[in-house]
Each structure stands twice: as C-alpha cells, then as structure tokens.
Asks: 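Quick one: structure below, then a few questions.
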Amino acid sequence: MKMIRTENITKKYKRYKKQEGVIGSIKGLFHREYEEKIAVDAFNMDVDEGEFIGLIGPNGAGKTTLVKMLTGIIAPTGGEIQVMGFYPNKLEKAFKRQYAVVMGQKSQLFFELTAEDTLRLFKEIYRIPEDEYRKNKNFFVELFQVQEIMDVQVRTLSLGERMKMELIVALLHNPKILFLDEPTIGLDAVASKQIRTFLKNINESRGTTILLTSHYMEDIKALCKRSIVVNYGRKIYDGDTDMLFEQYQKSKKMTIYFEHSVEPDVPEYCRILEKTNDKLVLEIPKQNTEKVLESYIGHYPIRDIGIEEEEIGSVVERIYKGV
Amino acid sequence: MKKYLEIARAYMKAQLIWRADVFVDVILSVAKILFAWILWSILFEGKEQIAGLEFHTMISYYIISSYLFQMEKSAEISQQMTGMLRNGTFSKYMVIPVQTQGYFVAMEAGKLAFSSGIGFLATVLWFCLFRISIVHTVNLKILLCGIIMVILGLLFMALLNYFLGILTLKFEEISTFLMIKDNLSAVVTGAVIPLALLPEWMIAGMRFLPFYYVTYLPSMLFIGKCEDEAVTGLFVLSIWCIFFIVLNQVTYEHYRMKYDGAGI
C-alpha cells in the first residue's frame, strides 16, 4: 500500500527584497519588490507501508518544506500530493490521527508539567481508549527505560530524556506514519544510539512507516534502507542507502589523540585536516581506513581515537556533480 | 469536548507551578482594591453620590469590575499566537487533531480557572478586612444572568484575541491591532471609569458593542443596577460570540492555506 505519493510537487515562496539603508526602508513603504524562491521543485516520491526512509540534504535543500507539505502544514504551489489517501493541507482530523511528527524545536511537551501529564493530555486529544493507552505507555516506558523520570518536571530533563519523551508522546496513538526531523541533533553518542535502537524497534515491530531527515550519516546508515537525497529542492538520488554510501562516500575522518607530543608519519594518500602536538585529524580514503588504523595502533601512544563518516554536504556535492 | 477539558486542566496545572506568580497575583489584586478604596474615599469626601452611585455601591462596583477585568487575560492568546507563528512553533497545534480555536479557548479557560479562584479569594478577603458592606442584587435570576454574561464576555474576549492572532497569518506584525484593542477595551469595558459617567448617547452606542457586556454590565447587574438590560445583554453578547466563532473559523482556514511564511 502506498502511504505517500507525490507527483511533481512544487513549492514557491515569495520573499520581500529590501534595498539597503534607511532610504531603502522608506522606499519599501511605497513600493516593494519580491523575489520568488523555489524551495521544492517537481518532486516525485512514492513510499510504501513500513518503509524507513532517510531524507538527506544540506541546509536549505528543501527537506523541511517537503515534510511541512506532507504533514499538511503548508500547501504545495503545484503538483499532486497524497498521504494515506488524504490531501494533507485539508488537515482533516481523520488524517491527523494517523500520523505523528517530531520536529526539532517544536516540542509537544508541557515544560512546566511532567511527561505523565502530557501523555494524559494526548490520550484525550487522540481519543485513545484507557486500556490501549496503558498498554502503549507501558510498552514505550519500558522500551526506553524512563520509569524513573515520568513524574519529573519536563523542564529539568536532559536533552536526550526529553527526546525520548517526545517520541513516546508522538507514538502513543499508534501512528501509521512518523515524520522525524533531526531527532538526534545535539544528543551524545549514547543517547543517539538509544534513539536509533528505539526507532528501529518501532519500525520493525509495529510496521510504522518512518520518514527521517537527518544530517548525521550514522542515523541514516543505521536505520534507513532507502535514502532520498535532495538539493536545491530537487531529488538527486532515490535508492538503496548502502549503494549510496558505497558509490558516493569516498573518505572517512579519523581523529587521534596521543598520550604526549609525537611526530607521527602520515601516509601520502591521507589529507591532514588538523595537527597539534597531541592531536591529529586525517581525511582517509574509505578503503584505507583499516590500514591507517593498524599503522597507528601499537606504534604510537594513543589516548583516544575516533572515526567519523564523511559529512553529508560532501556526499551530496559528489552526487550532484556525478563523480 | 473531553479533550478540551483536558487541555484546560493541563494549563491550570501549569499555572500552579510558579509559586511566586501566585503570590504576586494575590498581592496585585489586594493593591488594586486598596488603591480604589483610597481614591474613592477622597472623591466622595463631602458628597453623598457620584453619577447616581453611593460610596458603598461605587466601591462594590469597582471591586467587582476590577476583579472581572483582572480575570480577563486573553491578550496572551494573540501575543502567544503571533510569537509562535513568527518563530515557527505554531505548527505544533496544526498537526494534532484539535481545532486550534478550541485549543486556545480551552487554554485560556484553564488559566482563568486558576486566576479567577485566586482573585475571588482576595476580593472576599478585602470585603471582610475593610468591612465593606457589599451592595448586591437579591434577584437570583439577575445574578444568574450576570454569571452567564461574565462567561460569555470572557469567551468573547478570547475569541477576539484569537482573531487578532490569526491576523498574523496575513499581516505578520499585529502590534498596532493589539494596541488599538487594548485601549478600546479598557475604556469601553468600564474598567478605566464607570460608564455611568459617560454621556447617555455614548452608552447607547456601546450597547451594540460586546465590550459593554464584558465588565461593565455584569458588574452593574451584580450590584443591582441596570437589571432591565440583562436579557438584551445576553442576547447581544451571544450574537457577537457566534459571529466571532464563525469568523475565526473562516478566517483561519482562509489565511492558513495561503500562508507559507518561514515561521509557521
């Protein structure tokens, strides 16, 4: 079953262009110039039930605009769009009961109250029967191990704890589709991993279709079988995530901290990004990562070592250039 | 309906968190009554009546109307809406299965339930402390009309402020509208001066406007004045409420579909 279907959807914004200075401001009182910005351009997308899709792209690529159109917050300027058979921007209640959205700064939690209070409110908003509410709440609370903080004022929770609560609130009514905008932003490695495990579990055990936008390659790689890459409002890649990284991710970033000041040898195929007495940051061709790692471990007094995926912007740029 | 009650309950609970706010609220209500007592005592010196009202009737009017005026905090709705639309957090209300108008009215009702309780206790306390012989109606029907009118009046103000909030979708900047509304309602509700002090033709004109019935008329009804206007008042206010419920629904749907500002 198709959960999402878009055909040539486009979104154009009109922006006021003001000339600089006081004179420009005064002129603007009488005559205004507007420019048109195409945020999403002839975008086609089909999503099947139960898919876990990554929406990737640099800032300003059009990802959030796309999610806003899919959730009905804004209307497309042109094209056709259907989510679970509904035209999203009508914002029918029957439609809104079937999806959930977790978007960065737009918290649904009551910061003055406890998470338990917010859950009780959402039980009524989504008309969840008492039995189902208890069952779902217990399931998520146990999955996330948050029993201890259910009665604590939300304001006092850490960012990671808050995101867990945000997800529980979003999933309480068993949505068919979950839209996630940067769910791991600002979280430490442990909390990010917990969130990823949780999302994977929800997708597999409940069959929830999930559309995830993230800047973190780790999120996309760990969770999404399929990825859609967006740039300048257009789709530039739609396919298997492994293939995407295999084909376009060329390098990794290795950060090494030494116990004391050393002068390490750097292989010629590596690019030095940063070098201090006790720290070395290298860009390494993907296929040589293991070799470089072996050449340092055991040969130098290493305090810590970290390997990161290549940042999303470089991958997108490569897809865009077709190299 | 149950969900809106739960929304109201959530906001009422949130009000109870900040203890300092609760105490300041009580102190402010008390200070206002004290100020009125001093002011009207001076004005009544050597006089039996002002604008047809005796001292105790006037002070009763002032305390009741200032209590009603203090209860009315719906300006928060428009301020909150405009802020959220512009900083991009308003959409969180759009994606949940509630009517945004209902959500904001319920939110206001929840906050009000708390502040009206506090205000009521403070008012009763001051009536006792100053040994003010409160002048009030003995007609239960009029009392009931007054209570319904207060509820409708507060509903109307919430709807009006919601309407002004919606205008952000069109104008983005609504502070001028808010300023006009604040000044107009402060004068027309009788909170600045009793409307009895105004010329008759002006009061006659105000009878077609809803503001007359928000603070002024219910206060007068509670002190046993203007009883013949009670039913007409309820009718006029109900019409205004229905008008704004429909207007808000239509305006919101119209503008939200057109709006695509960066901050939604």
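Within every chain, numbering begins at 1; the chains are lettered A, B, ... in the order of the sequence lines, protein sequences first and strands thereafter.
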Asks: Within a radius of less than 6.0 Å around CD of A/Glu20, do more than 12 heavy atoms belonging to other residues, nucleotides or ligands occur?
Replies: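 At most 12 heavy atoms, drawn from other residues, nucleotides or ligands, come within 6.0 Å of this atom.
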Asks: Checking the side chain of B/Lys92 only, and the main-chain atoms of A/Ser107 only, is there a donor and an acceptor separated by less than 3.5 Å?
Replies: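 Yes.
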Asks: So for atom CD1, which belongs to A/Ile23, do other residues, nucleotides or ligands contribute more than 12 heavy atoms lying within a distance under 6.0 Å?
Replies: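 Result for CD1/A/Ile23: open.
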Asks: CZ of B/Phe171: more than 12 outside heavy atoms within 6.0 angstrom?
Replies: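 Count over threshold, so yes.
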Asks: Mark yes or no for whether B/Lys13, through its side chain, and A/Glu112, through its backbone, hold a donor-acceptor pair below 3.5 Å.
Replies: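 Such a contact is absent between B/Lys13 side chain and A/Glu112 backbone.
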Asks: Under 4.5 Å between any side-chain heavy atoms of B/Ile17 and A/Gln153, yes or no?
Replies: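 They are in contact (side-chain heavy atoms under 4.5 Å apart), so the answer is yes.
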Asks: Name the region of A/Lys14, side chain, backbone, both or neither, that has any atom closer than 4.5 Å to a heavy atom of chain B.
Replies: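 When you check distances to chain B, no heavy atom of A/Lys14 falls under 4.5 Å.
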Asks: With a 4.5 Å limit on heavy-atom distance, are the side chains of A/Leu121 and B/Lys3 in contact?
Replies: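 Heavy-atom side-chain distance check fails, nothing below 4.5 Å.
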Asks: Checking heavy atoms, do the side chain of A/Lys12, its backbone, both or neither come under 4.5 Å from chain B?
Replies: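 Only the backbone of A/Lys12 comes within 4.5 Å of chain B.
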Asks: Quick check: closest heavy atoms across B/Ala10 and A/Leu113, and the distance to 0.1 Å?
Replies: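 B/Ala10 and A/Leu113 have their closest heavy atoms at O-CD1, 3.4 Å.
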Asks: Please indicate whether A/Glu148 has more than 12 foreign heavy atoms, meaning atoms of other residues, nucleotides or ligands, lying under 6.0 Å from its CD.
Replies: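 No, the 6.0 Å shell around CD holds no more than 12 heavy atoms from other groups.
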Asks: Which residue out of B/Glu6, B/Gln15, B/Gln99, B/Glu253 racks up the most heavy-atom pairs below 4.5 Å with chain A?
Replies: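 Top option by heavy-atom pairs under 4.5 Å: B/Glu6.
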Asks: Say you draw a straight line from CD of A/Glu124 to CE of B/Met1; how long is it, rounded to the nearest 0.5 Å?
Replies: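 With rounding to 0.5 Å, CD (A/Glu124) is 12.5 Å from CE (B/Met1).
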Asks: Is it the backbone or the side chain of A/Phe122 that comes under 4.5 Å from a heavy atom of chain B, or both, or neither?
Replies: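 Looking at A/Phe122, just its side chain touches chain B.
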Asks: Please state whether the side chain, the backbone, both or neither of A/Arg15 comes within less than 4.5 Å of a heavy atom of chain B.
Replies: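 It is neither, since no heavy atom gets under 4.5 Å.
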Asks: Should the heavy atoms of other residues, nucleotides or ligands under 6.0 Å from NZ of A/Lys90 be counted, would the total exceed 12?
Replies: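 No, NZ of A/Lys90 has 12 or fewer neighbouring heavy atoms, counting only those of other groups under 6.0 Å.
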Asks: Are there more than 12 heavy atoms of other residues, nucleotides or ligands under 6.0 Å from atom CD of A/Glu80?
Replies: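 12 or below, so no.
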Asks: Heavy atoms only: give me the nearest A/Lys96-B/Ile96 pair and the separation to one decimal.
Replies: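 Result for this residue pair: NZ-O, 3.1 Å.
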Asks: Is the number of heavy atoms from other residues, nucleotides or ligands within 6.0 Å of NZ (A/Lys2) greater than 12?
Replies: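 More than 12 heavy atoms, drawn from other residues, nucleotides or ligands, come within 6.0 Å of this atom.
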Asks: Does B/Gly88 offer a backbone N or O that forms a donor-acceptor pair with the side chain of A/Lys106 under 3.5 Å?
Replies: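 Indeed, once roles are kept as given, a pair shorter than 3.5 Å links the two residues.
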Asks: Quick one: pull up OH in B/Tyr4 and CD1 in A/Ile125 and give me the separation to the nearest 0.5 Å.
Replies: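 Here the interatomic distance stands at 8.5 Å.
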Asks: Above 12 or not: heavy atoms from other molecules or residues under 6.0 Å from CZ of A/Arg155?
Replies: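 Counting other residues, nucleotides and ligands, CZ of A/Arg155 exceeds 12 neighbours.
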Asks: Rounded to the nearest 0.5 Å, what separation is found between the OG1 atom of B/Thr100 and the CG atom of A/Leu91?
Replies: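 One gets 9.5 Å once the value is rounded to the nearest 0.5 Å.
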Asks: For A/Tyr99, is it the side chain, the backbone, both, or neither that has a heavy atom closer than 4.5 Å to a heavy atom of chain B?
Replies: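 Answer is side chain: those atoms of A/Tyr99 sit under 4.5 Å from chain B.
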Asks: Can you tell which part of A/Glu92 gets under 4.5 Å to a heavy atom of chain B, answering side chain, backbone, both or neither?
Replies: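 Neither the backbone nor the side chain of A/Glu92 comes within 4.5 Å of chain B.
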Asks: Determine whether a donor-acceptor pair (N or O, by modelled atom type, separation under 3.5 Å) exists between the side chain of B/Arg256 and the backbone of A/Ile74.
Replies: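 Judged by distance alone, no pair lies under 3.5 Å.
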Asks: With a 4.5 Å cut-off on heavy-atom pairs, point out which of A/Thr65, A/Val101, A/Asp117, A/Thr118 contacts chain B the most.
Replies: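 Highest number of heavy-atom pairs under 4.5 Å: A/Asp117.
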